[in-house]
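It should be emphasised that the depicted structure is a prediction, and the values quoted were computed from it without experimental measurement. Reminder, nothing fancy here: chain letters follow the sequence lines and each chain counts from 1.
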2 protein chains.
Amino acid sequence: MASALQRSSPSPKQALRRRSRFDRLLDPEVLKALAEPTRARLLSCLLKCGRPCSVTEVADCCSIDFSMVARHLATMARVGLLSSEKKGRTVWYAAHGSALATRFRDLADAIDELGPADACCDPSEPGDT
Amino acid sequence: MASALQRSSPSPKQALRRRSRFDRLLDPEVLKALAEPTRARLLSCLLKCGRPCSVTEVADCCSIDFSMVARHLATMARVGLLSSEKKGRTVWYAAHGSALATRFRDLADAIDELGPADACCDPSEPGDT
DNA sequence: GCTATACTTGTATCATGGCGTCAGCACTCC
DNA sequence: GGAGTGCTGACGCCATGATACAAGTATAGC
C-alpha cells in the first residue's frame, strides 16, 4: 500500500444520501484514529520530525512497544493520516502537516457553511415556557 | 477544597515537557466525543438547527433512543462541544458552530507551526541505505 | 399531593479496541 | 542458503464505551 490517501469510492446509495460536507469531513475513522493519545503522540512525533520515519525509529524515540507502534502507524496510514512507503524491508511513514491542516480548515469551513437551510428538525421556537 | 484554582499548576516535570500547541489542541476527549457516529449525527443536527434544542426534540428528529441521546448530549457538553442550559424541567443544548470552527482552525494553525525545531527524534537522514 | 413530563442514572449486555506476546513473513547481508 | 533485521498478523486479556431497558429525580400543572 503505497499511499493510503485515496479511500474507496462510495456506493451510489451512499452518494444519494447527499450528506453535507460537514458530515463527510467529520470522518469517524480519522477522528477515532486521532482520539487515541498514543497515536496522537506518534503523529506529533512524525509531524515534528518533518521527514519519513521507520517504525523502529518512532518506537525508539517514543519509548513505546514496537508492535504497538507498528499497529498504530498502520492504522493512521489506513485512514489517510499518514503516507507509507516501503523501501526494502523498511517502511517509511510520513505525516503531511499541510494536508492535515487543510483537512481541519475544510472541516471548519464546512461547519461555517452549515445552517438552518439543511435543518434536520423543524425550526420551531425553543421553549420560552 | 480551599483553592481549586491552584490545582492546575503543572509539575516541573510537566512544564519541562513543554507540550506544543498542537498537543494541547488535539484533545483526546473532544476527538473521542466527535469520533462516535451517533454523536456526530446529533452534533450535526444541532448545528443545522442553529438554535438550542431539548433532548426530546433531538431524540425525535434523529430517531434515536431517548436515554442514549441524553447521555450523548451530556457527554458532548462535558467536553465543551455543546452548551447546555436548564430551564424548568427542560435542558436546552446548543452547538456553537463558530467556536467549533475556530477550534479546528487553531488546530490547523498549530499543525503548521510544528516543525523540526520541536523535533522529538534526531533528524538523521532517512533511508538511502 | 398527585400525575405527567423531561431528563438522569443504574444496570446488564455486548462490541470494540488497546495492549503485550509470539510466530511468521519479507527482505538484506554474509 | 543461513542469519539477522524490520515489520505484520494472530491470539488472548482486559478496559472502555455504546446500547437498551428500567428505575429514579426534578419540575410543572392540576
Side-chain angles (χ1 to χ4, degrees), chain A residues 1-2 4 27-43 45-46 52-79 81-94 121 124-129, chain B residues 26-43 45-46 52-79 81-94 121 124-129:
Chain A
M1 44 153 138
D27 187 339
E29 290 293 308
V30 174
L31 291 169
K32 219 181 290 176
L34 282 171
E36 222 282 315
T38 307
R39 276 195 294 267
R41 203 166 133 206
L42 298 177
L43 178 62
C45 171
L46 278 169
C53 294
S54 69
V55 179
T56 307
E57 278 181 314
V58 179
D60 278 352
C61 94
C62 293
S63 317
I64 298 174
D65 177 75
F66 176 87
S67 84
M68 290 311 325
V69 173
R71 226 185 304 232
H72 281 314
L73 293 182
T75 299
M76 289 195 281
R78 187 173 50 77
V79 303
L81 280 172
L82 302 178
S83 65
S84 66
E85 192 187 1
K86 188 156 188 165
K87 274 189 191 170
R89 60 190 167 185
T90 304
V91 181
W92 298 96
Y93 284 101
C121 5
S124 55
E125 269 306 287
D128 40 0
T129 43
Chain B
L26 207 69
D27 187 339
E29 290 293 307
V30 173
L31 290 169
K32 217 181 292 175
L34 282 171
E36 222 282 316
T38 307
R39 276 195 293 266
R41 204 166 133 205
L42 299 177
L43 177 63
C45 172
L46 278 168
C53 294
S54 69
V55 180
T56 308
E57 279 180 314
V58 179
D60 278 352
C61 92
C62 294
S63 318
I64 298 175
D65 176 75
F66 178 86
S67 85
M68 288 311 327
V69 173
R71 234 183 285 242
H72 279 314
L73 292 181
T75 299
M76 289 195 282
R78 187 173 50 77
V79 302
L81 280 172
L82 302 177
S83 65
S84 66
E85 191 189 0
K86 186 157 187 164
K87 274 187 190 171
R89 60 189 168 184
T90 303
V91 181
W92 297 97
Y93 284 100
C121 5
S124 55
E125 269 306 287
D128 40 356
T129 52

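OP1 or OP2 of C/dG17 lies within a sub-4.0 Å distance of a side-chain N or O belonging to A/K32. The phosphate of C/dG18 has OP1 or OP2 within less than 4.0 Å of a side-chain N or O from A/R39. Between B/H72 and D/dG17 there is no side-chain polar atom (N or O) within less than 4.0 angstrom of OP1 or OP2. In this structure, B/T38 reaches the D/dT19 phosphate: one of its side-chain N or O atoms is under 4.0 Å from OP1 or OP2.
With rounding to whole Å, A/K87 atom NZ is found 13 Å from C/dT28 atom P. Across the protein-nucleic acid pair, B/R41 atom CZ and D/dA18 atom C1' stand 14 Å apart, rounded to whole Å. Atom OH of B/Y93 is separated from atom C1' of C/dA6 by 11 Å (rounded to the nearest Å). Atom CE in A/M76 sits about 16 Å away from atom C1' in D/dT8, given to the nearest Å. Between A/L73 atom CG and C/dG18 atom C1' there is a gap of 15 Å when expressed in whole angstrom units. Here D/dT5 presents its C1' atom at 13 Å from CH2 of A/W92, a figure rounded to the nearest Å. Atom C1' of nucleotide D/dT19 and atom CZ of B/F66 are separated by 15 Å, given to the nearest angstrom. For the pair A/K86 NZ and C/dT28 P, the computed distance is 10 Å after rounding to whole Å.
Within the 4.5 Å cutoff, side-chain heavy atoms of A/R41 are placed close to those of A/C62.
A side chain to side chain contact (heavy atoms under 4.5 Å, CB included) with A/L73 is found for one member of A/L43, A/V91, A/L46 and no other, namely A/L46.
Looking at the side chain of A/S54, the nearest of the listed nucleotides D/dA18, D/dA20, D/dC7 is D/dC7. Among C/dC27, D/dT19, C/dA6, the nucleotide with an atom closest to any side-chain atom of A/R89 is C/dC27. Picking from D/dT19, D/dT27, D/dC7 the nucleotide with the shortest atom distance to the side chain of A/T90 gives D/dC7. Looking at the side chain of B/M68, the nearest of the listed nucleotides D/dA20, C/dT21, C/dC7 is D/dA20.
With hydrogens and angles ignored, a donor-acceptor pair under 3.5 angstrom links the side chain of B/R71 to the base of C/dG10. Under 3.5 Å, the side chain of B/S67 and the base of D/dC21 form at least one donor-acceptor pair of N or O atoms.
Note that CZ of B/R71 and OG1 of B/T38 are 13.0 Å apart. Values are rounded to the nearest 0.5 Å. Interatomic distance, OH of B/Y93 versus OG of B/S84, reported as 5.0 Å (0.5 Å rounding). Considering OG1 of B/T75 and NE2 of B/H72, their distance stands at 7.0 Å, rounded to 0.5 Å.
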